[in-house]
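Heads up: the structure comes next, in C-alpha coordinates.
Letters A, B, ... mirror the listed sequences (proteins, then strands); counts begin at 1. Everything numeric in this text was worked out from a predicted model, so none of it was measured.
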Amino acid sequence: GAVVSQHPSWVICKSGTSVKIECRSLDFQATTMFWYRQFPKQSLMLMATSNEGSKATYEQGVEKDKFLINHASLTLSTLTVTSAHPEDSSFYICSARDSRVGGNEQYFGPGTRLTVT
Amino acid sequence: SQQGEEDPQALSIQEGENATMNCSYKTSINNLQWYRQNSGRGLVHLILIRSNEREKHSGRLRVTLDTSKKSSSLLITASRAADTASYFCASTLGGANSKLTFGKGITLSVRP
(Lines give C-alpha, C1' and ligand atoms only; values in the text may rest on other atoms or scores of the structure.)
Protein backbone atom coordinates (compact mmCIF):
# COMPACT_ATOMS: atom_id res chain seq x y z
CA GLY A 1 0.00 0.00 0.00
CA ALA A 2 0.83 3.71 0.05
CA VAL A 3 2.15 3.95 -3.48
CA VAL A 4 2.71 7.27 -5.20
CA SER A 5 3.35 7.45 -8.91
CA GLN A 6 4.71 10.23 -11.08
CA HIS A 7 4.37 10.73 -14.78
CA PRO A 8 6.42 11.15 -16.80
CA SER A 9 9.53 9.67 -15.22
CA TRP A 10 11.67 11.80 -17.47
CA VAL A 11 11.03 14.53 -20.02
CA ILE A 12 13.11 16.63 -22.35
CA CYS A 13 11.61 19.87 -23.59
CA LYS A 14 12.70 22.94 -25.45
CA SER A 15 13.25 26.25 -23.78
CA GLY A 16 10.06 28.30 -23.66
CA THR A 17 7.65 25.39 -23.62
CA SER A 18 5.57 24.17 -20.68
CA VAL A 19 5.74 20.79 -19.05
CA LYS A 20 3.16 19.11 -16.84
CA ILE A 21 4.12 16.53 -14.24
CA GLU A 22 1.49 14.38 -12.57
CA CYS A 23 1.60 12.96 -9.07
CA ARG A 24 -0.92 10.29 -8.10
CA SER A 25 -1.63 8.45 -4.89
CA LEU A 26 -2.62 5.02 -6.13
CA ASP A 27 -4.18 3.34 -3.13
CA PHE A 28 -4.98 6.11 -0.70
CA GLN A 29 -6.45 9.56 -0.63
CA ALA A 30 -4.24 12.55 -0.06
CA THR A 31 -5.63 15.95 0.83
CA THR A 32 -2.08 17.21 1.01
CA MET A 33 0.70 16.63 -1.48
CA PHE A 34 4.12 18.21 -1.63
CA TRP A 35 6.39 19.14 -4.51
CA TYR A 36 10.16 19.14 -4.16
CA ARG A 37 13.03 19.80 -6.50
CA GLN A 38 16.46 18.30 -6.18
CA PHE A 39 19.63 19.36 -7.93
CA PRO A 40 22.42 16.83 -8.48
CA LYS A 41 24.08 15.69 -5.27
CA GLN A 42 21.92 18.04 -3.23
CA SER A 43 19.04 17.69 -0.86
CA LEU A 44 15.35 18.06 -1.52
CA MET A 45 14.01 21.56 -1.42
CA LEU A 46 10.31 21.98 -0.79
CA MET A 47 8.69 24.06 -3.50
CA ALA A 48 5.07 24.07 -2.46
CA THR A 49 2.35 22.34 -0.51
CA SER A 50 -0.60 21.30 -2.60
CA ASN A 51 -3.99 21.17 -0.90
CA GLU A 52 -6.97 19.47 -2.50
CA GLY A 53 -9.59 21.98 -3.52
CA SER A 54 -7.62 25.07 -2.58
CA LYS A 55 -4.63 27.08 -3.66
CA ALA A 56 -1.15 25.75 -3.16
CA THR A 57 1.15 27.26 -0.59
CA TYR A 58 4.49 28.18 -2.09
CA GLU A 59 7.80 28.37 -0.29
CA GLN A 60 9.71 31.60 -0.26
CA GLY A 61 11.52 32.22 -3.51
CA VAL A 62 9.37 29.88 -5.60
CA GLU A 63 7.50 31.66 -8.37
CA LYS A 64 3.87 30.57 -8.26
CA ASP A 65 3.23 31.83 -11.80
CA LYS A 66 6.06 29.72 -13.13
CA PHE A 67 5.32 26.56 -11.19
CA LEU A 68 1.57 26.07 -11.43
CA ILE A 69 0.11 23.53 -9.06
CA ASN A 70 -3.34 22.02 -9.31
CA HIS A 71 -4.76 19.52 -6.83
CA ALA A 72 -8.18 18.87 -8.29
CA SER A 73 -8.85 15.51 -6.67
CA LEU A 74 -7.83 13.53 -3.62
CA THR A 75 -5.49 11.37 -5.68
CA LEU A 76 -3.95 13.75 -8.21
CA SER A 77 -1.78 16.82 -8.08
CA THR A 78 -0.07 18.34 -11.09
CA LEU A 79 2.92 20.63 -11.40
CA THR A 80 3.25 22.63 -14.59
CA VAL A 81 6.57 24.28 -15.30
CA THR A 82 5.67 27.18 -17.56
CA SER A 83 8.02 28.76 -20.08
CA ALA A 84 10.75 26.39 -19.04
CA HIS A 85 14.38 27.45 -19.13
CA PRO A 86 17.56 25.38 -18.86
CA GLU A 87 17.94 26.42 -15.22
CA ASP A 88 14.64 24.64 -14.49
CA SER A 89 16.32 21.36 -15.35
CA SER A 90 16.13 19.32 -12.20
CA PHE A 91 14.69 16.26 -10.50
CA TYR A 92 11.15 16.93 -9.33
CA ILE A 93 9.72 14.71 -6.61
CA CYS A 94 6.24 14.70 -5.15
CA SER A 95 5.02 13.20 -1.94
CA ALA A 96 1.61 12.58 -0.47
CA ARG A 97 0.27 12.27 3.02
CA ASP A 98 -2.46 9.70 3.69
CA SER A 99 -5.55 11.61 4.80
CA ARG A 100 -6.91 8.75 6.86
CA VAL A 101 -3.87 8.15 8.98
CA GLY A 102 -2.70 10.46 11.71
CA GLY A 103 0.94 11.41 11.85
CA ASN A 104 3.38 12.94 9.44
CA GLU A 105 4.63 10.14 7.23
CA GLN A 106 4.87 11.13 3.60
CA TYR A 107 5.02 8.70 0.70
CA PHE A 108 7.26 9.75 -2.13
CA GLY A 109 6.92 9.31 -5.85
CA PRO A 110 9.82 8.03 -7.95
CA GLY A 111 10.62 11.48 -9.30
CA THR A 112 10.60 13.15 -12.71
CA ARG A 113 13.81 14.14 -14.41
CA LEU A 114 13.26 17.35 -16.40
CA THR A 115 15.83 18.49 -18.93
CA VAL A 116 15.27 21.77 -20.71
CA THR A 117 17.35 22.29 -23.83
CA SER B 1 18.78 27.35 6.44
CA GLN B 2 17.84 23.71 6.43
CA GLN B 3 16.66 22.15 9.63
CA GLY B 4 18.74 18.99 9.42
CA GLU B 5 22.48 18.72 9.07
CA GLU B 6 23.91 15.27 8.61
CA ASP B 7 27.42 14.15 9.22
CA PRO B 8 29.54 12.77 7.80
CA GLN B 9 28.56 13.95 4.34
CA ALA B 10 30.16 10.91 2.80
CA LEU B 11 30.94 7.53 4.32
CA SER B 12 32.69 4.56 2.77
CA ILE B 13 32.78 1.23 4.56
CA GLN B 14 33.39 -2.44 3.90
CA GLU B 15 30.49 -4.82 3.55
CA GLY B 16 29.64 -6.32 6.92
CA GLU B 17 30.70 -3.27 8.90
CA ASN B 18 28.27 -1.01 10.70
CA ALA B 19 27.47 2.45 9.36
CA THR B 20 26.59 5.29 11.69
CA MET B 21 25.16 8.53 10.37
CA ASN B 22 24.30 11.54 12.46
CA CYS B 23 21.83 14.32 12.02
CA SER B 24 21.44 17.54 13.98
CA TYR B 25 18.58 19.96 13.90
CA LYS B 26 18.00 23.44 15.19
CA THR B 27 14.48 23.82 16.52
CA SER B 28 12.04 21.71 18.47
CA ILE B 29 10.56 18.93 16.41
CA ASN B 30 7.47 16.79 16.38
CA ASN B 31 9.24 13.82 14.85
CA LEU B 32 12.29 12.95 12.81
CA GLN B 33 12.42 10.59 9.88
CA TRP B 34 15.16 8.92 7.89
CA TYR B 35 14.93 8.28 4.17
CA ARG B 36 17.08 6.49 1.63
CA GLN B 37 17.52 7.52 -1.97
CA ASN B 38 19.21 5.44 -4.58
CA SER B 39 20.85 7.43 -7.35
CA GLY B 40 18.29 9.11 -9.57
CA ARG B 41 15.36 7.57 -7.75
CA GLY B 42 12.68 8.63 -5.32
CA LEU B 43 12.88 8.45 -1.56
CA VAL B 44 12.17 5.39 0.51
CA HIS B 45 10.95 5.93 4.04
CA LEU B 46 13.08 4.00 6.50
CA ILE B 47 11.95 4.89 9.98
CA LEU B 48 10.18 7.58 11.99
CA ILE B 49 10.97 8.43 15.57
CA ARG B 50 8.73 10.70 17.59
CA SER B 51 9.99 13.42 19.88
CA ASN B 52 9.01 11.43 22.98
CA GLU B 53 10.93 8.35 21.84
CA ARG B 54 14.63 7.77 22.40
CA GLU B 55 15.37 4.71 20.33
CA LYS B 56 13.69 2.67 17.65
CA HIS B 57 14.61 -0.45 15.75
CA SER B 58 13.59 -1.80 12.39
CA GLY B 59 15.45 -4.81 11.07
CA ARG B 60 19.10 -3.82 10.67
CA LEU B 61 18.27 -0.19 11.41
CA ARG B 62 18.53 1.50 14.75
CA VAL B 63 17.62 5.13 15.23
CA THR B 64 18.23 7.19 18.31
CA LEU B 65 16.96 10.62 19.16
CA ASP B 66 18.42 13.00 21.73
CA THR B 67 16.16 16.01 21.99
CA SER B 68 18.43 17.69 24.54
CA LYS B 69 21.24 17.71 21.97
CA LYS B 70 18.87 18.10 19.03
CA SER B 71 20.45 15.17 17.28
CA SER B 72 19.61 11.77 15.86
CA SER B 73 21.68 8.88 14.64
CA LEU B 74 20.97 6.12 12.16
CA LEU B 75 22.89 2.90 12.57
CA ILE B 76 22.87 0.28 9.85
CA THR B 77 24.30 -2.97 11.12
CA ALA B 78 26.01 -5.62 9.00
CA SER B 79 25.97 -3.39 5.95
CA ARG B 80 25.50 -4.77 2.46
CA ALA B 81 26.51 -3.44 -0.93
CA ALA B 82 22.81 -2.83 -1.58
CA ASP B 83 22.79 -0.29 1.25
CA THR B 84 24.84 2.03 -0.97
CA ALA B 85 22.67 5.13 -1.32
CA SER B 86 22.14 8.63 -0.02
CA TYR B 87 20.49 8.94 3.38
CA PHE B 88 18.53 11.95 4.52
CA CYS B 89 17.08 12.94 7.82
CA ALA B 90 13.96 15.06 7.78
CA SER B 91 12.00 16.63 10.56
CA THR B 92 8.61 18.14 11.12
CA LEU B 93 8.30 21.05 13.47
CA GLY B 94 4.89 20.29 14.87
CA GLY B 95 1.23 19.85 14.05
CA ALA B 96 -0.44 17.24 11.91
CA ASN B 97 0.20 19.10 8.67
CA SER B 98 3.73 20.24 9.21
CA LYS B 99 6.01 20.02 6.24
CA LEU B 100 9.19 17.98 6.15
CA THR B 101 12.50 19.80 6.20
CA PHE B 102 15.38 17.77 4.82
CA GLY B 103 19.03 17.76 5.72
CA LYS B 104 21.78 17.79 3.14
CA GLY B 105 22.17 14.04 3.03
CA ILE B 106 24.90 11.49 3.54
CA THR B 107 26.32 9.42 0.72
CA LEU B 108 27.03 5.91 1.93
CA SER B 109 29.20 3.58 -0.14
CA VAL B 110 29.45 -0.02 0.94
CA ARG B 111 32.33 -1.84 -0.73
CA PRO B 112 31.70 -5.52 -1.49
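For B:Arg80, the CZ atom counts as loosely surrounded, since its 6.0 Å shell holds 12 or fewer non-hydrogen atoms of other residues, nucleotides or ligands. For A:His85, the NE2 atom counts as densely surrounded, since its 6.0 Å shell holds more than 12 non-hydrogen atoms of other residues, nucleotides or ligands.
Along residues 66-79 of chain A, no residue comes nearer than 4.5 angstrom to chain B, judged on non-hydrogen atoms.
Linking ILVMFWY side-chain heavy atoms closer than 4.5 Å, directly or via other members, places A:Phe34 and A:Leu114 in two distinct hydrophobic clusters. The same ILVMFWY cluster, assembled from side-chain heavy atoms under 4.5 Å apart, contains both A:Trp35 and A:Val116. Residues B:Leu75 and B:Leu48 fall into different hydrophobic clusters, defined by Ile, Leu, Val, Met, Phe, Trp and Tyr side chains chained together at heavy-atom separations under 4.5 Å. A:Val4 and A:Tyr92 are not part of a single hydrophobic cluster, where members link through side-chain heavy atoms under 4.5 Å apart. B:Tyr87 and B:Ile49 fall within the same hydrophobic cluster, defined by Ile, Leu, Val, Met, Phe, Trp and Tyr side-chain heavy atoms under 4.5 Å apart, directly or through other members.
In the hydrophobic clustering (ILVMFWY side chains linked at under 4.5 Å, chained through shared members), A:Met33 stands by itself.
Taking every heavy atom of both residues into account, B:Leu100 and A:Tyr36 meet most closely at CB-OH, 3.7 Å. The two residues B:Gly40 and A:Arg113 make their nearest non-hydrogen contact at CA-NH2, 4.0 Å. The two residues B:Phe88 and A:Gln42 make their nearest non-hydrogen contact at CZ-O, 4.1 Å. Summarising the geometry of A:Phe91 relative to B:Arg41, their closest heavy-atom pair is CE2-O, 3.4 Å, with the distance given to 0.1 Å. Contact between A:Gln106 and B:Tyr35 at its shortest, heavy atoms only, is O-OH, 3.6 Å.
Remark: the backbone N or O of B:Gly105 is not paired with any side-chain donor or acceptor of A:Ser43 at under 3.5 angstrom.
Contact annotation for A:Gln6: neither backbone nor side-chain heavy atoms come within less than 4.5 Å of a heavy atom of chain B.
No side-chain heavy atom of B:His45 sits under 4.5 Å from any side-chain heavy atom of A:Tyr107.
Between atom NZ of residue B:Lys99 and atom OG1 of residue A:Thr57 there is a gap of 9.0 Å, rounded to the nearest 0.5 Å.
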Audit row: B:Gln37, A:Ile93, side chain to side chain contact (heavy atoms under 4.5 Å, CB included) steps and yes/no: CA-CA 12 Å; B:Gln37 183 181 36; A:Ile93 304 176; 3.8 Å; yes
